[in-house]
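Only a predicted model underlies this, so the values are computations on that prediction, with no experimental measurement involved. Chain letters run A, B, ... following the sequence lines, proteins first and then strands; every chain starts at 1.
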Amino acid sequence: MSIRVYNTLTREKEQLVTRKPGRVDIYQCGVTPYDYTHMGHARQYVLWDVIRRYLRYRGYEVFCVQNVTDIDDKIIAKAQSLGISPDELARRFDREYLEVMDALGVERPDVYPRVTEHISDIIDVIRGLVERGHAYETVNGVYFDVSSFPDYGKLSGRNLDEMRAGARVEVDEAKKDPADFALWKKAKPGEPAWDSPWGRGRPGWHIECSTLALKYLGSGFDMHGGGTDLIFPHHENEIAQAEAYTGEGPFVRYWIHHEMVNVNQEKMSKSLGNLFTVRDVLKEFRPEDIRYFLVSVHYRSPANFGPGELNAAKSARARLVNVIDSIDHVLGTPGAKNGPREGDAGAGPAHDPAAIPGAADPAAGDLKSRIESLRNSFIEAMDDDFNTAGALGALHSLAREVNSFINRRRNAAFPPEDLEALKAARDTLWELGGLLGIFGVEPRVPGEDSRLLGKLVEFLVELRGQARERKEWALADQIRDRLKELGIVLEDTPQGTRWKME
RNA sequence: GGCGACAUAGCCAAGCGGUAAGGCGGCGGUCUGCAAAACCGCUAUUCCCCGGUUCGAUUCCGGGUGUCGCCUCCA
């Protein structure tokens, strides 16, 4: 088995063959920090967080570089309107980005370079491009000469003639060709600027990614990620700059683009005013539920975002969490030791062999083999272009088999073979779900502070248990109802009452 | 106008040549003191429409129709 990924450059799924065996070098387009982090960002970085975890699970060493474009036109404009410096604005929203990603359990990149700290590297690349005849200076700045790069358009499937025919290309009399794009922008008064051979100014939009990728990963690295909206012009230009500069290709082996987050079937974007910031969504939903939603749609399909979708994800995830809780409960209170129904283990239906105390359920062996087969389904789905939605299906199938297995025991004690199988199921669920990050972020065990709370709840559960033995149902129900109002749910199982926080 | 993607049940969503995963919701049943959770059954004779290729197509090809994206900042 091997991993296959869809490459935008070839428009085909290809077998993953890395530049260095056993290692995957990744570059991701980072954010331009000038506003709040939104759900579209969450989609990208959660996706790549999952890809990184999965590649590691499959035995690769993974190295990830992600830039911060902390100087550009939008930052300058926003900073001016707020009356603060561009640097202050960029740092504020960069911090916002990192906080939100931490909350979502997204692992940080290995290298997180800021553009403003790499101006001299950028100037070196621009100078190289000018020297090799791929760029020229005008009164406004330095421009990349697209006609000097015959492969221009290979990523986005465009050709220059078509583009020139399009009327929407910016008009700049000083440029040789409307499709030429800025590598260096000469500063206007009041704008932040750095010295360069072409006077004071700042980098153009695309050059930072080529420069930083070449600096930290070198030419020909493995995966480059970003949204489909960056294919043209951003990534097209990145290729042109990098390959023209190094004189060799390919700059990137696999271009991996995720689709957009939509709202009401329309792209979520600033211009449409339908943005959802992650910070706001986090007020209503747990990070794991947000991740579940994101991962329940294949990354190359648009993901429609809304409360309904999020709630469906929440319910679906609860099912998975619940099965883990069920197993933990069984493992923590084995019937043979302190199960409340120990004496009446034989009370189950006589025709049910699983109900004979101490007898191993023949299904235990089956469960174990099913665990492995579903693990393989999970891997198969993920190997196929990171099909997280398919992988989730395997997890749910495993959940049903476990629940069914536990159900069949009813009041009977679980023999060691069963407990072992259940533990294996639990570990597998936990491990594979962990690759998707749908369990990891929440505290499974109450922290120090809530230890007292736990003891109090257990005391109430104990009192309620006594009331139930006396068949004082009204009192028992009152305790359960009041706790429910406080967000604490009680469930009576053959292995005793268990409780959880909602 | 140019380029591209996608159309699967009430909803979300996999599958992409061998006869429709999974989830949410709904209905019926089992379990339960009652619940909750869970399990069982039902909820697409069919994958937008029309042609074609094939023994066979939701899956491939052609043509429609519809939705969306990029070509301007965008994840």
Nearest to side-chain heavy atoms of A:Met260, which nucleotide of B:A14, B:A75, B:G33
B:A75

Please lay out, stage by stage, how A:Glu107 and A:Arg53 fare under the test salt bridge (charged side-chain N to carboxylate O under 4.0 Å, His left out).
CA-CA 9 Å; A:Glu107 196 180 321; A:Arg53 293 183 198 205; 5.2 Å; no

Across all strands, who's sitting opposite B:C42 as a Watson-Crick or G-U wobble pair, both distances under 3.5 Å?
B:G26

Starting the side chain at C-beta, find the nucleotide from B:A35, B:C24, B:A13 nearest to A:Ala312.
B:C24

Quick note, A:Arg498 side chain, CB onward, closest among B:A37, B:A75, B:A35 is B:A37

Grab the CG-P distance between A:Asn237 and B:C73 for me, whole Å please.
10 Å

Salt-bridge contact A:Arg202-A:Asp73 (side-chain N to carboxylate O under 4.0 Å)
yes

Out of B:A13, B:G33, B:G69, minimum distance to the side chain of A:Val297 belongs to B:A13

Can you check the A:Met268 CE to B:G69 P distance for me, whole Å?
13 Å

Hey, which sits more toward the 5' end of RNA chain B by its nearest nucleotide, A:Ile231 or A:Leu490?
A:Leu490

In the strands shown, is B:U65 matched to any nucleotide by a Watson-Crick or G-U wobble pair with both distances under 3.5 Å, and which?
B:A7

Go ahead and name the base partner of B:U54; Watson-Crick or wobble counts if both distances stay under 3.5 Å, otherwise write none.
none

A:Asn407 has a side chain; which of B:G15, B:C73, B:A38 sits nearest to it?
B:A38

B:C71, B:C68, B:C34: which one has an atom nearest the side-chain heavy atoms of A:Phe232?
B:C71

Respond yes when some side-chain nitrogen or oxygen of A:Arg400 is under 4.0 Å from OP1 or OP2 of B:G23, and no when none is.
yes

So, OP1 or OP2 of B:C70: does either fall under 4.0 Å of a side-chain N or O from A:Lys267?
yes

Closest listed nucleotide, where the reference is the side chain of A:Asp477 and the choices are B:A38, B:G33, B:A14:
B:G33

Can you identify which nucleotide, out of B:C68, B:A14, B:A75, has its nearest atom closest to the A:Asp229 side chain?
B:A75

Span that lies between the C1' atom of B:U8 and that of B:C55, in whole angstrom:
25 Å

If only side-chain N and O atoms of A:His396 are considered, is one of them under 4.0 Å from the OP1 or OP2 phosphate oxygen of B:G22?
no

Any A:Arg470 side-chain nitrogen or oxygen under 4.0 Å from OP1 or OP2 of B:G33:
no

Answer yes when A:Lys154 and A:Asp151 have at least one side-chain N-carboxylate O distance shorter than 4.0 Å, and no when they do not.
yes

Identify whether NZ of Lys or CZ of Arg in A:Arg52 sits under 6.0 Å from the centre of the six-membered ring of A:Trp48 and within 45° of that ring's axis.
no

So do the side chains of A:Arg11 and A:Tyr6 get within less than 4.5 Å of each other, counting heavy atoms only?
yes

Candidates B:C16, B:G23, B:G33 - which lies nearest the side chain of A:Arg480
B:G33

Length of the line joining A:Leu320:CG and B:C24:P, which is rounded to integer Å:
10 Å

Any strand counts, and the cut-off is 3.5 Å on both contacts for Watson-Crick or G-U wobble. Which nucleotide pairs with B:A37?
none

Counting side-chain heavy atoms from CB outward, which of B:C70, B:A75, B:G23 is closest to A:Gln44?
B:A75

Phosphate oxygens OP1/OP2 of B:G4: is one of them under 4.0 Å from a side-chain N or O of A:Arg11?
no

For A:Met39 and for A:Val489, locate the closest nucleotide of RNA chain B by heavy-atom distance; then report the residue assigned to the nucleotide nearer the 5' terminus.
A:Val489

A:Asn304 side-chain N/O to B:C12 phosphate OP1/OP2 under 4.0 Å
no

Any side-chain heavy-atom pair of A:Leu483 and A:Ile479 under 4.5 Å:
yes

